[in-house]
Q: 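I have a structure I would like to understand better, so I am pasting it below and will then ask my questions one at a time.
Lettering of chains follows the sequences in order, A, B, ..., and the numbering in each one begins at 1.
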Number of protein chains: 2
Amino acid sequence: MKPTWLFHQPYQPYAYALTDTRARLVVAVERGAATTVNVHFGDRYVEALPERVSMEKSGNSHKLDYFTADVEVPTHRLKYAFEVVRELRDRSKESIWYGENAISLNPKSAGVFQLAYLANRDVYTTPEWAKKAVCYQIFPERFANGNPSLTPANSVDWESAPTPFAMFGGDLQGITDHLDYLFEEGVTLLYLTPIFKAGSNHKYDTEDYLEIDPQFGSKEDLHRLVENAHQRGIRIVLDAVFNHSGFQFGPFQDVIKRGQASPYWNWFFINGDKVDTEHVNYETFATRLRYMPKLNVANPEVEAYLLKVARYWIEEFDIDGWRLDVANEIDHVFWKRFRNTVKAAKADALIVGEVWHNSLPWLLGDEYDSVMNYVFCEAVHAFFVRRELSGREFAERITELLFMYPVQATNAMFNLLGSHDTERVLTLAGGDVNRVLQAMTFQFFYPGIPMVYYGDEVGMEGGADPDCRRGMVWETGRQNQTLREAMKVLASLKRSEPGLAAGSLHVVRADKQHLEMVREANGASRIHAAFNTGHTAW
Amino acid sequence: MKPTWLFHQPYQPYAYALTDTRARLVVAVERGAATTVNVHFGDRYVEALPERVSMEKSGNSHKLDYFTADVEVPTHRLKYAFEVVRELRDRSKESIWYGENAISLNPKSAGVFQLAYLANRDVYTTPEWAKKAVCYQIFPERFANGNPSLTPANSVDWESAPTPFAMFGGDLQGITDHLDYLFEEGVTLLYLTPIFKAGSNHKYDTEDYLEIDPQFGSKEDLHRLVENAHQRGIRIVLDAVFNHSGFQFGPFQDVIKRGQASPYWNWFFINGDKVDTEHVNYETFATRLRYMPKLNVANPEVEAYLLKVARYWIEEFDIDGWRLDVANEIDHVFWKRFRNTVKAAKADALIVGEVWHNSLPWLLGDEYDSVMNYVFCEAVHAFFVRRELSGREFAERITELLFMYPVQATNAMFNLLGSHDTERVLTLAGGDVNRVLQAMTFQFFYPGIPMVYYGDEVGMEGGADPDCRRGMVWETGRQNQTLREAMKVLASLKRSEPGLAAGSLHVVRADKQHLEMVREANGASRIHAAFNTGHTAW
Ligand SMILES: [Ca+2]
Ligand SMILES: [Ca+2]
């Protein structure tokens with residue numbers, strides 16, 4: 001038997017429950033090797049595999065074709081095997097069987113895979129609303145100055161070039177003032193970088209997790225913002241910086257002052273018998289960032305405190321979820337409890353981790369709903385922005401991404417072209433608006449939540465942090481109206497087209513400079529997207 | 001570039017923490033394609049990958065060579081990429097880089113994988129004692145009759161052929177009476193199938209989870225058994241049947257009697273407004289087994305009750321862990337809580353799930369320590385017992401098994417040749433003791449816990465259930481002394497040789513009928529095992 005490369009694992013992202021009576025199965029087959037793939041399945045207590053479904057070829061990576069099928073499992077108990085049909089030289093066909101024991105011409109030798117029981121509590125559910133959401137990321141210090149009376153005395157001009165420490169004067173009232181603008185742009189979800197009391201302009205150095213930063217406003221201002229946003233159908237997600245606190249965080253100051261006598265001594269990781277802020281003898285975010293001491297979330301007091309924070313802003317302010325800073329450096333034990341806490345407070349709250357790389361370990365159903373999809377961002381930049389990939393290569397990368405996570409997570413991803421932590425997309429595109437238009441179109445076409453970084457929709461430019469954090473451009477004359485209008489149209493389609501919300505995605509054509517893809521959902525219009533990244537006509 | 005198949009995932013079983021500063025990395029490379037594989041790594045906040053380790057080739061499956069390395073991560077934060085060195089036709093060498101972005105000749109394009117933070121609470125720990133343990137499975141009704149006064153009146157002769165309902169009269173006192181025998185055989189761990197109050201001879205139909213079955217004895221008898229076992233260095237694991245109860249279980253009887261008025265109505269899954277025992281309108285174990293109604297563990301009352309049971313027998317009787325019946329049909333939410341409960345009651349208790357297939361989803365660190373390793377059993381039977389595999393094919397299957405789970409689980413597996421649910425190994429071997437000797441030798445050689453089904457060590461035979469549950473043969477004249485002595489020698493080696501406890505495993509030679517393997521640990525003797533399954537000399 002000529003060997004064929006086959007790949008499957010009887011767990012996520014290759015096998016998982018969609019409901020307690022429905023499972024998704026994925027098998028990867030050496031590219032071009034199979035004419036058809038069938039999955040044979042049945043209840044695990046029944047001798048044979050009575051059911052058969054022909055799998056759908058959903059796309060291919062460089063080396064593998066991906067086949068998927070959703071199967072019905074009324075008894076919750078599933079066993080299955082794959083039948084890969086190959087065409088031989090003489091055009092006759094041959095079936096190879098792939099089960100847990102082997103890849104074999106003999107189904108008995110192949111054995112079966114098992115998804116033993118689709119238990120209700122194990123089913124991964126992400127918010128239904130996420131599928132149609134359009135997200136807009138705001139860096140509050142730079143979006144709009146709605147209350148000059150709160151603006152720090154030493155603040156700089158709105159048009160200034162950002163520096164690491166400059167204050168511009170943006171605040172919560174500024175966001176509330178522009179909700180109609182955001183509504184017009186089609187935004188249905190705001191993600192605000194941190195708004196709690198902190199010394200820096202980015203507020204990732206929290207001083208008090210239970211207070212709004214006074215430069216940004218009051219709790220009343222947040223109430224007003226959330227209420228006004230909700231009236232417009234716009235949800236709000238805040239930024240939880242739980243990996244580390246700021247230097248001025250009360251417990252850390254207490255530890256500096258009182259050393260091991262402090263009741264907060266074990267809230268941090270300190271090497272020695274007192275804090276040495278000069279030599280930074282404590283764990284921090286990144287490498288010895290003295291002003292961001294790492295929190296010990298395994299300490300039950302710290303855990304209880306942070307979970308209280310998570311509940312507080314949902315229960316008291318009705319926020320709609322959390323984005324989690326440096327989420328991959330906090331343990332899984334904490335995040336499982338965090339999810340339980342958040343979902344108990346608001347069942348359809350969204351949980352989005354900041355993880356820049358493959359995030360499957362956090363997307364199995366009991367931690368996050370979503371991550372900041374930088375893997376998506378990098379692929380989109382490589383093709384549409386830097387134009388260093390062919391359409392074919394990009395389609396392969398996108399197909400791999402599509403099969404990297406359970407579909408529930410894919411449908412809730414924060415698909416971004418940039419953020420407060422990256423250069424702006426238009427700058428990376430060398431100012432070429434067309435490239436950004438294509439990237440943005442793809443961003444709204446791909447499953448999940450397109451996340452637009454404030455100002456990208458009006459053509460703002462900016463290099464790496466802090467330059468990517470310039471003051472928002474509000475004068476229409478300085479805004480790129482093409483991009484603004486494009487976003488409106490794309491957001492409108494995202495909300496209205498079921499195919500864009502939850503349809504499957506297929507590559508129709510992919511060559512050097514062309515890419516054509518389709519999304520379709522049962523009974524809905526097929527949505528085509530066609531891109532030409534070259535200089536010649538279609 | 002000629003393509004090479006490479007496979008890695010930045011999570012278990014390909015990447016995981018061994019401690020909070022040490023990680024194991026595994027990469028699979030198309031067989032024969034690489035001369036060397038290096039892993040380059042460093043702290044994720046440092047620009048380059050300053051460290052390099054040459055990976056060890058640990059074995060191969062049919063298509064893949066497996067390379068492993070353990071890397072030190074003092075900051076807990078790891079990023080890494082693989083450098084696969086290939087020899088070209090002209091004998092020159094070329095490095096392919098494999099990272100999260102791509103497989104590429106250019107390390108920059110390849111990118112890096114990340115194991116972002118090795119958090120202390122996420123490290124998988126299984127009991128240290130498991131590495132050297134020798135387990136013996138007892139079916140109490142058939143092991144020894146130590147207290148004839150408890151023997152049911154309708155019991156049959158000890159030498160009878162088992163039937164589904166026959167009682168033989170075995171009991172706890174019978175086990176206590178034979179602890180010296182077990183000690184002599186080298187046993188350090190007993191796994192007893194259920195001993196709680198139940199109507200059947202196998203007791204998998206629990207009537208009361210908090211009482212000892214009166215045929216088996218009293219709580220005093222269990223105390224005595226555990227004490228006497230512990231005095232001999234023998235631990236005891238009991239069988240937790242939490243997927244379903246027995247028909248006579250108080251709550252189920254109450255539901256039959258009172259219908260929806262019963263406070264236990266939601267302890268089960270009943271379709272309709274009263275229980276119909278004739279048509280079995282409720283979920284059961286397997287297919288409509290009326291006497292085993294499935295328990296609703298998602299009901300907080302059921303969960304609390306079962307967790308109380310789990311604690312009770314540890315706290316009151318000092319048992320050393322639980323084997324979990326039909327473990328894969330209970331949800332992961334329950335098992336995570338179960339682990340927390342059990343480990344809080346006894347930190348080094350062992351948790352062994354009954355899962356017959358790939359069990360990775362339960363072996364990630366926060367559910368079980370181990371499973372009944374039927375995947376191992378099937379491979380060993382195919383090679384040593386049925387002799388339908390070549391040595392090469394078997395070595396490939398074993399290598400795949402070795403890389404199926406994190407090493408912590410592999411070191412705690414229940415590696416069995418048979419159980420109360422299978423035909424006996426000697427019967428499957430057509431009575432050929434030499435085949436069983438080879439299989440048993442391999443069982444003690446492979447990492448994990450060899451689990452001997454009572455009587456296999458004296459050459460008992462028996463077909464499928466119930467025939468595999470005959471009365472234990474105690475007359476030495478009827479025992480196979482070769483097997484008995486072999487087990488003693490193997491158990492003694494397992495306890496005394498560090499290489500067998502936790503050494504790495506390498507295949508030295510594998511062809512049609514030969515298999516030679518080595519296990520070695522740092523500073524310990526290398527242990528060779530050589531097998532010849534053919535009729536010609538070595
Ligand atoms: Ca202001
Ligand atoms: Ca008895």
Q: Tell me, side chain or backbone of A:His76 under 4.5 Å from chain B's heavy atoms, or both, or neither?
A: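 The side chain, not the backbone.
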Q: Taking side chain as everything from C-beta outward and backbone as N, CA, C, O, which of these in B:Val326 sits under 4.5 Å from a heavy atom of chain A? Side chain, backbone, both or neither.
A: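 Side chain only.
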Q: Out of A:Asp122, A:Val375, A:Thr75, return the one with the most heavy atom pairs under 4.5 angstrom to chain B.
A: A:Asp122
Q: Side-chain contact, heavy-atom cut-off 4.5 Å: A:Glu100 with B:Trp356?
A: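 No, side chains not in contact.
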Q: May I ask you to decide if A:Glu329's main-chain N or O and B:Arg77's side chain share a donor-acceptor pair within less than 3.5 Å?
A: no
Q: For a quick test of reading the model, state the closest non-hydrogen atom pair linking A:Trp5 to B:Glu30 and the distance between them.
A: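 So the minimum-distance heavy-atom pair works out to CZ2-CG, 4.0 Å.
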Q: Relative to chain A, which segment of B:Asn120 carries a heavy atom at a distance below 4.5 Å: side chain, backbone, both, or neither?
A: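 Neither part.
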Q: Can you give me the closest heavy-atom contact between B:Arg44 and A:Asn328, atom names plus distance?
A: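 Smallest heavy-atom distance, with atoms named: NH2-ND2, 3.2 Å.
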Q: When you measure from the side chain of A:Arg121 to the backbone of B:Val297, do you find a donor-acceptor pair of N or O atoms at a distance under 3.5 Å?
A: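 Yes, because the side chain of A:Arg121 sits within donor-acceptor range (under 3.5 Å) of the backbone of B:Val297.
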Q: Heavy atoms only, distances under 4.5 angstrom: which of A:Thr287, A:Ile330, A:Leu360, A:Asn358 has the most pairs with chain B? Name it, please.
A: A:Asn358
Q: So which atom in B:Asn340 and which in A:Arg337 form the shortest heavy-atom distance, rounded to 0.1 Å?
A: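 Heavy atoms of B:Asn340 and A:Arg337 come nearest at ND2-NH2, 4.4 Å.
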Q: Give the member of A:Pro361, A:Ala286, A:Ala382 that has the highest number of heavy-atom pairs under 4.5 Å with chain B.
A: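 Max contact count across the listed options: A:Ala286.
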Q: What part of A:Gln9 gets within 4.5 angstrom of chain B, counting heavy atoms only: side chain, backbone, both, or neither?
A: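 Contact with chain B is through the side chain of A:Gln9 alone.
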Q: Of the backbone (N, CA, C, O) and the side chain (C-beta and beyond), which part of B:Leu64 lies under 4.5 Å from a heavy atom of chain A, both, or neither?
A: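 Side chain only.
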Q: Which one, A:Gln12, A:Lys294, A:His62, leads in non-hydrogen pairs under 4.5 Å with chain B?
A: A:Lys294
Q: Just checking heavy atoms, which of residues 112-119 of chain A are less than 4.5 Å from chain B?
A: A:Gln114, A:Ala116, A:Tyr117, A:Ala119
Q: Tell me, side chain or backbone of A:Lys336 under 4.5 Å from chain B's heavy atoms, or both, or neither?
A: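 Interface part for A:Lys336: side chain.
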Q: For A:Glu388, is it the side chain, the backbone, both, or neither that has a heavy atom closer than 4.5 Å to a heavy atom of chain B?
A: neither
Q: Kindly give the heavy-atom pair with the smallest separation between B:Lys63 and A:Ile103, and that separation in Å.
A: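 For B:Lys63 and A:Ile103, the tightest heavy-atom pair comes out as NZ-CD1, 4.4 Å.
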Q: So, do A:Phe285 and B:Tyr45 sit near enough that their side-chain heavy atoms are less than 4.5 Å apart?
A: yes
